[in-house]
Amino acid sequence: MRGGKCDAMPTRYSLFAKWNTCACCPAVTIKIFFIISETIRMPLLPTARHLPLSIAISLALLSCHATAEQRSLSQGWLFQKGAAPGAEQAAFDDAGWRKVAVPHDFSIMDKPDGTPPFDAKAVGGQDSGYLPGGQGWYRRHIALDAADAGRVLRLNFEAVYMDADIWFNGAHVGRHRYGYTAFTLDLTGKAKAGDNVITVRVNHVDPSSRWYAGSGLIRPATLDLLDPVHVAPDSVFASTRTASAEKGEVDVRATVVNGAAAPVKVELVSKLVAGDGGTVAQERRALAVPARGKADVAQRFMVANPKLWSPDTPDLYTLVQEVRVNGVLRDTRRTRFGIRTVTVDAERGLRINGRQYVLKGGNIHHDNYMLGAAGAPDADRRKVALMKDAGYNAVRSAHNPASQATLEAADELGMLVIDEAFDMWRKSKRDADYARFFEENWRRDIDSMVTAGRNHPSVIFWSVGNEIPEQASPEGVKTTRELAARIRQLDSTRPVTQGVNVDSPDNAPIFAGMDVAGYNYRVHLFGSDHATHPARVMYTSESTSKDAFRYWDPVGTMPWVIGDFVWTSVDYIGETGIGWMGYSKDWKELGKYPWHLAYCGEIDATGRKRPAAYYRQVIWKSGIDPVAAFVEQPAGTEDLPDREYFKDKPELDWSLHDLHQSWTWKGQEGKPLKVVVYSEHPEVELFLNGRSLGRKAVGRQTEYKADYRVQYAPGRLVAVGYRDGKAAGQWELRTAGAPAAVKLSADRRQVRANGEDLVYVTAELVDADGVPVYARDGDRKFQVTVNGAGALAGAGNGNPMDASSLQSGERSTFHGRLVAVVRAGVTAGPIDVAFAGEGLPVQRLRIDAASRSKD
Ligand code: GAL
């Protein structure tokens, strides 16, 4: 949904029914009746015996106003790949179509014959990770009773990639071109009692993107059922005017609409509710709303001793707006927000509630690896959580608006977000990209991004674009200003920025239209640009991981440089191989199929921290893993080919250091291996099998690392960090034997039977002593199966060259590890997950899916 977390009245669920509490009528019964009929997709007619009761209920219902409701449309979709002539017609026979849950990505699906979707000849090539776009059709039947069919109906899509056409009961009701923005279709007056059908055609023409975009209904879809008198969902904006420990001033803007033919007198009750459920401020206001008209409201609330939102204290409030007419509740809207201010200047940097913060940032793309681009809320949330756990406090949503799940997770976990609009404007980067649609659509897409994001306290900046081809031309500068002006009309509280890859002085006109200057790979300009533009606030919107220190250092020494966003924090599909071989011209030659991951993520595609993530934790002095040691892969032992070729090439732009968390190097006995120790502590000492290999000082001078050459002998390699002469932390690598078992761990064991909740199950190979297996020759092939009240949503290992199916459950480990994603079904019960690895005992894990009312 757009513009807030939750706008439905309290709803309750049972196995088959979802109903609203309504004090004035027995709507509960009638709802159960029709939802059951929806479940079995067949109109259920009342039997003669029940007819009088049904009529009585219907009459009661008509004289009553059901309160606002939002229905999830995650289940019950039917899908067909390719052309489907006539599928937009209501009566079309879709019986043979495949059942899918939304969010859904059809580019990641296995082919009908069961083979993986990757294709060496895919038009998107390296950009898309050798995955195709194409056309796809979705249909969703919705059973509505007469009362619901007569309500205000709003169909919400959070993102459809891309160029979607939508029909309702056979009539064309909308088209939306951009694949990353939310849109709403007004179906009021178009529904009927009984079966209704939504049809969506997706037309993803390749090549449309520089990275893997996926295809289809990639983010959630919902249906709002509202009274004609209601708060316009996208109108609500709660912003903080001032914030201190003593007082918060919150400005609220909203619009009440009246879709009825007669004017109404409305009582709008607005409450600010704290996280503990207590109301901290409220206002009752009488409004006269004209027939088929609207009334705008502007309110100011004072909150005493507010719990201010910040990355360290992600406290949230909910604005609850109730609309009453003649004392009858017509609408309830809930919008979550935070009380916090954001200010920036070149002397004091970035401040949240007056306190200085620096941006420890990472870029992310929207895909969820084994789920493809399906923005399942739990998957989007996990990416934010992984970053938070690794010490990042900021995310740049590259290069498109973030999903609601991403923003909600950021609100709850305390991550700062740069929400970005576009990767291109009028000049295309790829033949079939959004540039085709920009001219006609940019206003609505900007409006969508801002209304969907502006109530999220995590969003601190709006970005109008990334490395826009025409950025420095007079036309580009004009567009920059137009985009920024449009944003400021909808939200003047947040700075506007842009990711620019142009050197000075050409960047001056671009940044003149911006509040904050995003530099892509331009650390060398921070000193000289400051000399010419002393008021400019700068940050690195993209940097290379291997240069982490170089990009981070100015953040500590130059107050006008407020942070750094690495390319990338989490690995992604597409731009194949850039993290392994750089982005030189040879990349085109060497990132070929079966490569499909970029492999530059500091956190790999499965969620595992790579050495670069540990280094960043250390230079950020996060205290998470204050000492960590890794080993450079010796020549001749590559677990991915081609690395040797690039070893001494300075143009290895996006590649990470070739380091590994392993002390198992068969065949290297007696040979010197390079060991790198990262440490927040000022002194480190390395021990091999209990023997000291010497102490070394570490600090800013050594870029917080110490190198050792160690003659390899199997056993235990231990790095100890010292502070004030005392051991303050240690890190151990142990030589592993052959894999003897697989260890399973799940990020949770309880889910709701809502068809949406996900569980990530990690499988790690261990030897007979429980030591993790990492070496390539230890990897094993697995079959993952899921039975019971859930299903396998995908499985991946993070190996950028393993182009086998991400959906079948047949997958090998990579560096001893494999992650499977289990999706809850819609019925409660146990879910049995089994990992069967070649030559290993089968390991099982049980997850419980509880009925939907239980969290
Ligand atoms: C940048 C671009 C990113 C990504 C990166 C690595 O120039 O903005 O989207 O492509 O290069 O290739």
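No hydrogens, no waters, no symmetry mates; every other heavy atom, side chains included, goes into these values. All ligand and atom numbering here is 1-based and tracks the order in the structure.
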Q: Measure centre to centre between the rings of Tyr180 and His366, then say whether the value is under 6.0 Å.
A: yes

Atoms of ligand 1 less than 4.0 Å from [X] heavy atoms?
X	value
Glu467	1 (C), 2 (C), 7 (O), 8 (O)
Asn520	8 (O)
Tyr521	1 (C), 5 (C), 7 (O), 11 (O)
Glu575	4 (C), 6 (C), 10 (O), 12 (O)
Ile578	6 (C), 12 (O)

Less than 3.5 Å between some nitrogen or oxygen of [X] and one of ligand 1, yes or no?
X	answer
His365	no
Trp567	no
Tyr572	no

[X] side chain to [Y] side chain, donor-acceptor N/O pair below 3.5 angstrom:
X	Y	result
Lys121	Tyr593	no
Thr606	Arg817	yes
Arg776	His815	no

Q: Would you check whether Trp211 reaches within less than 4.0 Å of ligand 1, judged by its heavy atoms?
A: no

Q) Between Arg616 and Phe549, is NZ or CZ placed under 6.0 angstrom from the six-membered ring centre and within 45° of the ring axis? A) no

Q: Quick one: do Ile446 and Phe422 satisfy side chain to side chain contact (heavy atoms under 4.5 Å, CB included)? Show the steps, please.
A: CA-CA 9 Å; Ile446 285 286; Phe422 305 117; 3.9 Å; yes

Q. Given that the side chain starts at C-beta and the backbone is N, CA, C, O, which of these parts of Asn466 lies under 4.0 Å from ligand 1, counting heavy atoms, or is it both or neither?
A. side chain

(Q) With a 4.0 Å cut-off on N to O distance, would you call Asp491 and Arg486 a salt bridge? (A) no

